[in-house]
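Scroll down for the structure; my scribbles are underneath it.
Numbers restart at 1 for each chain; the letters A, B, ... are given by sequence-line order, proteins then strands.
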Protein chains: 2
Amino acid sequence: MTCKKNELYEAYHKLLKLDAALHENETCQCQAEDVTSKQKYYLKVIDKNYRVTFSQLAQETQNSKPTITELISKFISMGCVYRERSPEDGRVYFIYLTPKGKSIARSEERTQIQVIERIKNSLTDEELDQLITLLNKIL
Amino acid sequence: MTCKKNELYEAYHKLLKLDAALHENETCQCQAEDVTSKQKYYLKVIDKNYRVTFSQLAQETQNSKPTITELISKFISMGCVYRERSPEDGRVYFIYLTPKGKSIARSEERTQIQVIERIKNSLTDEELDQLITLLNKIL
DNA sequence: TTTTTATTAGTTAGTGCTTACCTAACTACT
DNA sequence: AGTAGTTAGGTAAGCACTAACTAATAAAAA
């Protein structure tokens, strides 16, 4: 039994390694090497709240408005974000992710898709069904 | 086919979520909430190099000696590390991880073991064998 | 209906703390 | 004299704040 556990550990470990390797590649390709985890978190918030304003973002992330101003300026200079003035209210700016920002915000998802692709290409249709069934039994 | 891909995506996503949830729990339990990723990296280096000295660590991590002094003082104040003077050479100190430091350095591994445990408990012996076989076919 | 007066959105200026690095000069030991 | 680690002092970036500001709009008063 301990032996089987070990086998499973190895197999699972290999899968995680694959995920990590693909993710690193992703990170590299969208030039996200020196994006901090906080910044990634903020990019994800911006991604989830399409056309978000500075004030909304401040509220959403529990930060002061100057903090958001600074954050967004940094993101703009990094090429992750751009903004557009609201045509209805000239005080308001909408914040949008650039392709680069989006690819950083969604890098985990994209990695997952690559892993799936890899799995799909390694297994036959029946094996795939088996795997899905097994994974769904977990927990 | 796209549908099957989606199923696999969901199943895999669920597995990663489980991993993340267990890992967060781990992180919380070893009081590693405000350990930065750099710090975690250094703890791993210390873990891999048992009885490492300041100079060795400086060389290993490509840092100056004062940087290491500062790093280790921080770790000592955090309760992650302790040091002992070499009995052979009074200039030298050996660096060791405390249980807390060790549990932070190995938190991923420990999470993985928990996931394995979870999988083991959810599947029959035959299913386990199936899963291992399938996972080993990937790549 | 103007005009004045809030109010709101975002900015600027000025602080403060922490991480994560450095060099130069030092002490203590071999 | 040379090596191990320390101290002092410095820099840059991230991540936060408050107080005081400008510009735009909404509300109230003339």
Could you walk me through whether B/F75 and B/Y82 pass the ring-ring contact (aromatic ring centres under 6.0 Å, His included) test, one step at a time? CA-CA 8 Å; B/F75 279 153; B/Y82 66 96; over 10 Å; no

What nucleic acid atoms does [X] come within less than 4.0 Å of, heavy atoms only: base, sugar-phosphate, or nothing?
{"X": "A/F94", "answer": "nothing"}
{"X": "A/T67", "answer": "base"}
{"X": "B/Y42", "answer": "sugar-phosphate"}
{"X": "A/T36", "answer": "sugar-phosphate"}
{"X": "B/S55", "answer": "sugar-phosphate"}

Just compare D/dG5, C/dC22, C/dG10 and give me whichever is closest to any side-chain atom of A/T69.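 For the A/T69 side chain, the nearest candidate turns out to be C/dG10.
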
B/R83 side chain N/O closer than 4.0 Å to the phosphate oxygens (OP1, OP2) of D/dT6?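 Yes.
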
Looking at B/Q56, I'd like to know whether one of its side-chain N or O atoms comes within less than 4.0 Å of OP1 or OP2 on D/dA4.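 Checking B/Q56 against D/dA4: no side-chain N or O falls below 4.0 Å of OP1 or OP2.
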
Nearest whole angstrom, please: distance from the [atom2] of [N] to the [atom1] of [X].
{"X": "A/E70", "N": "C/dT12", "atom1": "CD", "atom2": "C1'", "answer": "11 Å"}
{"X": "B/K38", "N": "D/dA13", "atom1": "NZ", "atom2": "P", "answer": "14 Å"}
{"X": "A/Y93", "N": "C/dT11", "atom1": "OH", "atom2": "C1'", "answer": "10 Å"}
{"X": "A/K65", "N": "C/dT8", "atom1": "NZ", "atom2": "C1'", "answer": "7 Å"}
{"X": "A/E88", "N": "C/dA9", "atom1": "CD", "atom2": "C1'", "answer": "15 Å"}
{"X": "A/R85", "N": "C/dG10", "atom1": "CZ", "atom2": "C1'", "answer": "10 Å"}
{"X": "A/F75", "N": "D/dC15", "atom1": "CZ", "atom2": "P", "answer": "8 Å"}
{"X": "A/Q59", "N": "C/dT8", "atom1": "CD", "atom2": "C1'", "answer": "13 Å"}

Considering only heavy atoms from C-beta outward, does the side chain of A/Q56 approach that of A/N49 to under 4.5 Å?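 Answer no - side chains too far apart.
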
Hey, which sits more toward the 5' end of DNA chain D by its nearest nucleotide, A/Q62 or B/D89?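 Final value for this comparison: B/D89.
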
Find which nucleotide of DNA chain C each of B/P66 and B/L71 is nearest to by heavy atoms, and output the residue with the more 5' nucleotide.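 Residue closer to the 5' terminus by nearest nucleotide: B/L71.
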
Quiz item: A/R91 side-chain donor-acceptor pair to C/dT8 base, under 3.5 Å: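 Per atom types, the contact qualifies.
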
Is B/E109 paired with B/R106 through a side-chain N to carboxylate O contact shorter than 4.0 Å?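 Salt bridge absent between B/R106 and B/E109.
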
Checking side-chain polar atoms at under 3.5 Å, does A/N63 have a donor or acceptor matched by the opposite partner on A/Y42?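 Yes - a donor-acceptor pair under 3.5 Å links their side chains.
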
Can a side-chain donor-acceptor contact be found between B/Y12 and A/D19 if the only test is distance below 3.5 angstrom?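 The criterion, which ignores hydrogens and geometry beyond distance, is satisfied for B/Y12 and A/D19.
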
